[in-house]
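Throughout, a chain's letter reflects where its sequence line sits, starting with A, and its residues are numbered from 1. Heavy-atom basis, side chains included; hydrogens, waters and symmetry copies ignored.
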Amino acid sequence: MNIDFERISELITKGQIEQLQEQTNQAIETGTEPAILLNKGLLPGMDKVGQLWRNGDMFMPEVLRSAKAMSKAMDILRPHLSKDDMGSAGKMVLGTVAGDLHDIGKDLAGMMFEGAGYEVLNIGIDQPNEAFVNAAIEHKPDVLGMSALLTTTMPRMGEVINSLKESGIRDEMAVIIGGAPVTKEFADEIGADLYAPNAGSAVELTKQYFAQNNS
Amino acid sequence: MKKIKKTIIACGSIKAELENLHSGQDDIELKFMPQSLHRQPKKLTERLQTAINNAAHNTKMIVLGYGLCSNGTVGLKAPGTCLIIPKLHDCIGIYLGGIMHYYKLFQELPGTYYLTRNWIINQKDPLGLVNNEYTKRVGYDMAKEAMDTEIKNYKYIAFINNHTGDSDYYRNIAIENAQFFNKKFIEIEGSTVLLNKIINGPYKKKEFVILNPGEKSKQSHFLK
């Protein structure tokens with residue numbers, strides 16, 4: 001059976017939860033590879049949500065409805081993803097910086113990275129600088145992700161990078177940052193490797209980064 | 001033509017407060033932009049730049065009644081005149097009287113969702129958003145769930161009372177929000193100190209971004 005991946009992406013952007021669950025189940029039952037379903041249907045759908053949100057063409061309740069749809073589809077998919085798919089892409093430590101209690105974007109990014117085959121260690125909101133460093137020392141991630149929604153808390157990201165440098169482990173991982181007020185200019189200024197304008201594009205940018213740096 | 005002393009271009013959200021403090025000085029001109037433009041920051045930048053360009057030839061100094069406001073004030077410049085912008089993240093700092101008070105509360109009361117008279121009037125409080133904006137888009141159940149998710153990590157809903165308009169009414173709406181979303185209600189005394197400084201100065205570097213004629217504003221100017 002041919003799976004209409006564009007339709008699956010559309011169900012994500014429109015947040016049609018039940019229909020998406022139905023289509024996901026159907027795709028699995030008819031033998032579609034879970035990783036292909038993710039990469040061609042679900043992730044592009046969430047990527048589109050991220051773009052629409054960033055451009056002001058989609059509002060918070062719709063974004064959250066789409067995220068819920070994605071999460072429900074992932075629940076169906078997860079048991080079918082092989083061990084090779086889970087964690088095969090690498091390891092990620094992810095958190096929101098100190099003083100910042102916002103986690104919608106961070107959790108979305110976590111879900112996307114998990115979908116793309118990363119083992120994601122989400123250390124939560126309001127994490128002091130040393131929590132990021134300790135997690136990095138303990139888990140030796142390939143990617144360290146930080147988010148902030150407030151301009152008040154954004155500077156903490158630069159401080160975490162400095163702490164990683166002081167601990168001598170900065171170069172052992174790629175640092176990716178995101179959040180509504182974060183800009184490419186800010187990322188360059190604080191010495192992050194990557195800036196993701198939305199949760200959806202974060203995975204793709206990370207893949208490109210490793211493809212370039214490992215070649 | 002003789003230039004006026006100062007032009008203040010401010011967000012509509014602080015119109016009532018600024019007009020109350022403006023004692024009819026002819027040499028200080030007040031101009032207001034529609035509020036809620038911070039939700040479309042690129043549009044806010046464009047609209048502000050146009051307003052600045054239109055005012056610049058006829059004034060000695062332009063002061064904005066804005067903070068960083070979702071980066072909406074990044075990249076602005078005033079041709080031929082100084083541009084002054086309060087060193088704030090958003091209008092909460094204006095209502096609290098300045099950035100230092102904002103940082104103090106940020107430390108003392110983490111997890112506070114601030115409500116002001118203006119946000120309540122415009123139904124931008126969490127309950128107002130659920131009932132008047134979100135439900136239209138996704139239905140009531142998802143609207144409620146979305147707002148619960150958005151504010152789940154907040155502990156307090158605070159009403160900043162600046163004693164403009166019917167404070168009892170605004171307080172009651174804030175209390176209703178706190179009860180509905182299971183948060184603790186607190187009331188914080190507002191301040192007109194910064195509003196006054198926007199109109200009359202002094203413009204100290206600690207509190208204001210001060211740009212020379214033609215110099216562009218950057219995000220880093222606002223960050224601590």
Peer 1: What heavy-atom pair brings E189(A) and S220(B) nearest, and what distance separates the two atoms?
Peer 2: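 Taking E189(A) first and S220(B) second, the nearest heavy atoms are OE1-CB, 3.9 Å.
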Peer 1: Is the number of heavy atoms from other residues, nucleotides or ligands under 6.0 Å of K155(B) NZ greater than 12?
Peer 2: no
Peer 1: Using a cut-off of under 4.5 Å for heavy-atom pairs, which of D103(A), D100(A), V63(A) has the most such pairs with chain B?
Peer 2: D103(A)
Peer 1: Using a strict threshold of under 4.0 Å (side-chain N to carboxylate O), is an ion pair present between E145(B) and K68(A)?
Peer 2: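 Judged by the 4.0 Å cut-off on N to carboxylate O distance, K68(A) and E145(B) do form a salt bridge.
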Peer 1: When you look at CG of N182(B), are more than 12 heavy atoms from neighbouring residues, nucleotides or ligands closer to it than 6.0 Å?
Peer 2: no
Peer 1: Measuring from L129(B):CG to F59(A):CZ, what's the distance to the nearest 0.5 Å?
Peer 2: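 These two atoms lie 11.0 Å from each other.
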Peer 1: Select one option (side chain, backbone, both, neither) describing which atoms of T153(A) are under 4.5 Å from chain B's heavy atoms.
Peer 2: side chain
Peer 1: Among M142(B), K218(B), M147(B), which has the most heavy-atom pairs under 4.5 Å with chain A?
Peer 2: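 Of the candidates given, the most pairs with chain A belong to M142(B).
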Peer 1: Could you measure the distance from the CZ atom of R137(B) to the CE atom of M60(A)? Nearest 0.5 Å is fine.
Peer 2: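 Nearest 0.5 Å value for the CZ-CE distance: 12.0 Å.
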Peer 1: Give me the atom names and distance for the closest heavy-atom approach of L223(B) to P155(A).
Peer 2: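 Taking L223(B) first and P155(A) second, the nearest heavy atoms are CB-CG, 4.2 Å.
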Peer 1: Are the side chain of Q219(B) and the backbone N or O of T151(A) linked by a donor-acceptor pair below 3.5 Å?
Peer 2: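 Absent.
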Peer 1: If I compare all heavy atoms of L64(A) with all of E150(B), which pair ends up nearest, and what's the gap?
Peer 2: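 Closest heavy-atom pair between L64(A) and E150(B): CD1-CG, 4.3 Å.
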Peer 1: Show your working on side chain to side chain contact (heavy atoms under 4.5 Å, CB included) between N153(B) and H102(A) and close with a plain yes or no.
Peer 2: CA-CA 7 Å; N153(B) 298 322; H102(A) 301 93; over 6 Å; no
Peer 1: Can you tell me if CD on Q208(A) sees more than 12 non-hydrogen neighbours from other groups inside 6.0 Å?
Peer 2: yes
Peer 1: From L150(A) CG over to F106(B) CZ, what is the distance, rounded to the nearest 0.5 angstrom?
Peer 2: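 One gets 5.0 Å once the value is rounded to the nearest 0.5 Å.
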Peer 1: So for K43(B), is it side chain, backbone, both, or neither that comes closer than 4.5 Å to the heavy atoms of chain A?
Peer 2: neither
Peer 1: Is the number of heavy atoms from other residues, nucleotides or ligands under 6.0 Å of K124(B) NZ greater than 12?
Peer 2: yes
Peer 1: Around atom NZ of K42(B), are there more than 12 heavy atoms of other residues, nucleotides or ligands at under 6.0 Å?
Peer 2: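 Not more than 12 within 6.0 Å, no.
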Peer 1: Is it true that, when you exclude E18(A) itself, more than 12 heavy atoms of the residues, nucleotides or ligands shown sit nearer than 6.0 Å to its CD?
Peer 2: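 Atom CD in E18(A) is not packed in, count stays at 12 or less.
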Peer 1: Looking at every heavy atom in both V138(B) and P61(A), which two are closest together, and how far apart are they?
Peer 2: CG2-CB, 3.7 Å
